[in-house]
Amino acid sequence: MAKKVLVLGELRDGSLRNVSFEAIAAGKKIAEGGEVAAVLIGDSIKSQADAMIHYGADRVIVVEDEQLKHYTPDGFSQAFMAVCNEEIPDAIVFGHTSLGKDLSPKIASKLNTGLVSDVTDIEEGDDGFVFTRPIYSGKAFEKKVIIDGITFITVRPNNIEPLEKDESRSGEVQSIAAEIKDLRTIVKEVITKASEGVDLSEAKVIVAGGRGVKSAEGFEPLKELAEVLGGAVGASRGACDADYCDYSLQIGQTGKVVTPDLYIACGISGAIQHLAGMSNSKVIVAINKDPEANIFNVADYGIVGDLFEAVPLLTEEFRKL
Ligand code: FAD
């Protein structure tokens, strides 16, 4: 049965995040030939609507208000609920990002519906769509079928292939007025750390360092390799605790969960808490001088050796390509 699906487009630093396009692809699947309407919330963001259409949205609904310039749970939920009340969707898709993780339960409770979060795959089953999601820190997967109410999911970045961008796609862009009031949080200023290069949670290639990197300077060869591969640098908590790098780079159970195409773990032992954040990467390469290191149990390719020899060699070879 054709469904009406609402997909939240998420902006960072004024640009749409890739996960927005992945959410459209998920929405298309669930819509079963119905309509996918993208929702953009913010201040002066209408210019982003075309990109959502080029990636497959049939229509874009824009909610603009100067109080929505920065994300607040109150403001965004009021805006999104205004759209829901007007549209009465059959399904909703958000990205499983910090914003999506924060906002989706709030919206689900307001709509009095369930939520399947952190979806990594969608298949058609006999009783409806089957949503796959990791459980027990990625050690197992469960499959969920929604039998009643609104189909509400969040999709893990880098798992659902976005549709091919097609600038000839067209669609209506409309604005909805939402009454944004009584906000309990007002963001006055956002101070961001200067971040280098590619966003870790959406990177296709990650070169991660652990305590084996031994110092902040030890991360330099990893940064070079990441740059050559157009990727991002990540780290284990061991490396962050030792002050070799910032906690914003931490991957794992208490850090970021990543699913790049290629994950190169350098001097990381492979503690279960680290694996929870990266074991679903498509290809894992481990470099460790200890042949018994647990990281080799999840690695597709392993280099037993000194990372300070192996990493520059890899950089040199990749530079030639
Ligand atoms: P180590 O375990 O010390 O491993 C270093 C590795 O480097 C060793 O295997 C060694 O053989 C190798 N090595 C050394 N020198 C070289 C060299 N020159 N060349 C090649 N290899 C070399 N950890 C996370 O990563 N992320 C989390 O989110 C996280 N959350 C946690 C939550 C809780 C509640 C707890 C209790 C722990 C958590 N941890 C987390 C910590 C985790 O248990 C490990 O302590 C941590 O992952 C170890 O980091 P490491 O692999 O860098 O260091």
Side-chain angles (χ1 to χ4, degrees), residues 2-64 71 80 83 87 89 91-100 118-124 129 131 151 153-176 195 197-206 226-232 258-262 280-283 321:
K3 295 194 186 84
K4 183 194 274 190
V5 184
L6 292 183
V7 170
L8 182 69
E10 198 181 315
L11 292 133
R12 176 182 283 174
D13 301 330
S15 303
L16 283 161
R17 298 188 64 178
N18 262 344
V19 72
S20 311
F21 309 136
E22 294 164 7
I24 293 175
K28 282 276 184 198
K29 214 167 191 176
I30 301 169
E32 295 181 278
E35 189 195 35
V36 173
V39 180
L40 292 179
I41 300 172
D43 183 27
S44 310
I45 39 132
K46 210 169 184 172
S47 57
Q48 303 294 330
D50 283 350
M52 293 301 269
I53 291 167
H54 297 158
Y55 276 96
D58 300 303
R59 185 161 58 101
V60 180
I61 302 160
V62 182
V63 188
E64 289 178 310
Y71 172 73
F80 197 82
V83 178
E87 297 287 332
I92 300 172
V93 186
F94 286 6
H96 195 67
T97 55
S98 304
L99 187 155
D118 204 11
V119 168
T120 54
D121 195 26
I122 305 170
E123 297 156 293
E124 277 182 55
F129 285 100
F131 299 105
T151 301
I153 63 167
T154 64
V155 291
R156 184 183 279 204
N158 270 347
N159 277 268
I160 314 267
E161 194 65 33
L163 271 64
E164 210 49 52
K165 184 179 182 185
D166 180 354
E167 297 195 359
S168 69
R169 284 194 185 108
S170 60
E172 189 194 342
V173 180
Q174 64 180 111
S175 295
I176 281 189
S195 65
V198 185
D199 176 7
L200 193 54
S201 53
E202 294 194 338
K204 297 283 179 202
V205 177
I206 293 175
E227 201 183 316
V228 168
L229 294 171
V258 296
T259 334
D261 292 341
L262 175 63
N280 290 320
S281 304
K282 294 190 184 85
V283 175
L321 299 177

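Index from 1, following the sequence. Any value given below was found using the heavy atoms of this structure, including those in side chains, with hydrogens, waters and symmetry copies removed.
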> Test of understanding: with side-chain hydrogen bond (donor to acceptor under 3.5 Å, both in side chains), list the residues that count as partners of Asp121, not counting sequence neighbours.
none
> With Val119, which residues qualify under side chain to side chain contact (heavy atoms under 4.5 Å, CB included), at least two apart?
Val116, Ile122, Phe131, Ile153, Val155
> Between Phe94 and Val7, is a side-chain contact (heavy atoms from CB on, under 4.5 Å) present by the stated rule, with each step listed?
CA-CA 6 Å; Phe94 286 6; Val7 170; over 6 Å; no
> Output all residues satisfying side chain to side chain contact (heavy atoms under 4.5 Å, CB included) with Asp58, sequence neighbours left out; order by chain, then residue number.
Lys28, Glu35, Val36
> Are Val205 and Asp261 side-chain neighbours, meaning at least one heavy-atom pair lies under 4.5 Å?
no
> Residues in ring-ring contact (aromatic ring centres under 6.0 Å, His included) with Tyr71, at least two apart?
Phe76
> With Glu161, which residues qualify under salt bridge (Lys or Arg N to Asp or Glu O under 4.0 Å), at least two apart?
none
> Please give me the minimum heavy-atom distance between Ala2 and Gly33, naming the atom from each residue.
CB-C, 4.2 Å
> Please check this pair: side chain of Asn158 against backbone of Ala203, looking for a donor-acceptor N/O pair closer than 3.5 Å.
yes
> Once side-chain hydrogen bond (donor to acceptor under 3.5 Å, both in side chains) is applied, what residue pairs with a partner in residues 39-53 remain, sequence neighbours excluded?
Lys46-Ser175
> For Lys4, which residues count as a salt bridge (Lys or Arg N to Asp or Glu O under 4.0 Å) partner, sequence neighbours excluded?
Glu87
> Is any side-chain heavy atom of Glu172 less than 4.5 Å from a side-chain heavy atom of Ile53?
no
> Is any side-chain heavy atom of Glu202 closer than 4.5 Å to one of Val19?
yes
> Val62 vs Val173, test: side-chain contact (heavy atoms from CB on, under 4.5 Å). Steps then yes/no.
CA-CA 7 Å; Val62 182; Val173 180; 3.9 Å; yes
> Closest approach of Thr259 and Lys282, non-hydrogen atoms and distance?
O-NZ, 4.1 Å
> How would you list, by chain and number, every residue that makes a salt bridge (Lys or Arg N to Asp or Glu O under 4.0 Å) with Glu22, sequence neighbours excluded?
none
> Around atom CD of Glu64, are there more than 12 heavy atoms from other residues, nucleotides or ligands closer than 6.0 Å?
yes
> If you look at every heavy atom in Pro162 and Ala25, which pair is closest and at what distance?
CA-CB, 3.9 Å
> Looking at residues at least two apart in the chain, or sitting in another chain, which of them share a salt bridge (Lys or Arg N to Asp or Glu O under 4.0 Å) with Lys204?
none
> For Glu167, what residues pass the side chain to side chain contact (heavy atoms under 4.5 Å, CB included) criterion, not counting sequence neighbours?
His54, Lys165
> What's the shortest heavy-atom distance between Ala51 and Leu16, and which atoms?
CB-CD1, 3.8 Å
> Just verifying a value: how many Å separate Leu262 CG and Ile206 CD1, rounded to the nearest 0.5 Å?
9.5 Å
> Is a side-chain donor-acceptor pair under 3.5 Å present for Arg12 with Thr97?
no
> What's the spacing between Phe129 CZ and Glu124 CD if we round to 0.5 Å?
4.5 Å
> Could you grab the distance from atom OG1 of Thr154 to atom CG of Leu8, nearest 0.5 Å is fine?
11.5 Å
> Kindly compute the distance separating NE2 (His96) from CG (Asn159), expressed to the nearest 0.5 Å.
11.0 Å
> For residues 8-37, which residue pairs qualify under ring pair (Phe, Tyr, Trp, His ring centres under 6.0 Å), counting only residues two or more places apart or in two chains?
Phe21-Tyr55
> Nearest 0.5 angstrom please: Ile45 CD1 to Ser15 OG, how far?
12.5 Å
> Nearest 0.5 angstrom please: Leu229 CG to Leu321 CG, how far?
9.0 Å
> If you take all heavy atoms of Val93 and Ala26, which pair is closest and at what distance?
CG1-CB, 4.2 Å
> So, for Ile61 and Ala37, which heavy atoms are closest and what is the spacing to 0.1 Å?
CD1-CB, 4.0 Å
> How would you list, by chain and number, every residue that makes a side chain to side chain contact (heavy atoms under 4.5 Å, CB included) with Asp166, sequence neighbours excluded?
Ser168, Arg169
